[in-house]
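Here is the structure we will look at, set down as structure tokens.
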Amino acid sequence: KAGVTQTPRYLIKTRGQQVTLSCSPISGHRSVSWYQQTPGQGLQFLFEYFSETQRNKGNFPGRFSGRQFSNSRSEMNVSTLELGDSALYLCASSLRGLAGYEYEQYFGPGTRLTVT
Amino acid sequence: DQQVKQNSPSLSVQEGRISILNCDYTNSMFDYFLWYKKYPAEGPTFLISISSIKDKNEDGRFTVFLNKSAKHLSLHIVPSQPGDSAVYFCAARLYSGGGADGLTFGKGTHLIIQP
């Protein structure tokens, strides 16, 4: 079974621009979560999508948004990029609560975003 | 305020010995805990998990222990192998009733297995 895929793997943008990142979950997984990883803050939860609806959101400004399509693929958008948005953005998929307490998330390789 | 803490940024263990990675949490509403392993330039890989209704879960060389009263969990790796050298993240889930929230991660412990 193919794992979680993310595109692109690397991206360089200029401050003020916007960016869209893409994530394809494991086949059959309907939940997609996004995380930001930085050296200082570690892994931080951005938001989760399930059945095309945002279910949960972390503590990030409104410049960070996302969506999920009917095939469970998800995109994340960051508008008006700031230098501090430079990070590894990780996408994870899961079966989300369909088996009780089992909630393992499976991560993609990430998109490394550099803002200059 | 960091709700999940891994106080050891790094740990060095000899091959064949036991590796013990520790994690403390502050939120008593966390109901599910997971350990992930991460190699450079890759996403985290799920290792093992434990529900808050249990105190131990084993999977091969990996055992996770949960002490709810102390709000502490640990990952034991026995015996440690060179391929275990990686960064290990502890994560916790807060179940909010209507659906599970995102995972809260610790900042990781870099495990180095010495030959």
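Everything quoted here is computed from the prediction, not taken from an experiment.
Considering CG of A/Leu90 and CD of B/Glu42, their distance stands at 11.5 Å, rounded to 0.5 Å. To the nearest 0.5 Å, atoms CZ (A/Phe107) and OH (B/Tyr36) are separated by 5.0 Å. Note that OH of B/Tyr32 and CD of A/Glu104 are 3.5 Å apart. Values are rounded to the nearest 0.5 Å.
By the rule that hydrophobic residues join a cluster once side-chain heavy atoms approach within less than 4.5 Å of another member, A/Ile26 and B/Leu34 end up as members of one cluster. Both B/Phe62 and B/Ile113 sit in one connected hydrophobic cluster of ILVMFWY residues. Membership requires side-chain heavy atoms under 4.5 Å apart, directly or through other members. Linking Ile, Leu, Val, Met, Phe, Trp and Tyr residues whenever their side-chain heavy atoms come within less than 4.5 Å places A/Phe47 and A/Phe60 in a single cluster. By the rule that hydrophobic residues join a cluster once side-chain heavy atoms approach within less than 4.5 Å of another member, A/Phe64 and A/Leu21 end up as members of one cluster.
Considering all non-hydrogen atoms of both residues, B/Leu103 and A/Tyr35 come closest at N-OH, 3.1 Å.
Neither the backbone nor the side chain of A/Leu46 comes within contact range of chain B; no heavy atom of the residue lies under 4.5 Å from a heavy atom of that chain.
Within 6.0 Å of CD1 in A/Ile12 there are 12 or fewer heavy atoms belonging to other residues, nucleotides or ligands. Heavy-atom contacts from other residues, nucleotides or ligands closer than 6.0 Å to CG of A/Asn71 number more than 12.
Your options are A/Arg112, A/Gln37, A/Gln44, and the one with the most heavy-atom pairs under 4.5 Å with chain B is A/Gln37.
B/Lys107 places a side-chain N or O within 3.5 Å of a backbone atom of A/Gly40 that can act as its donor or acceptor partner.
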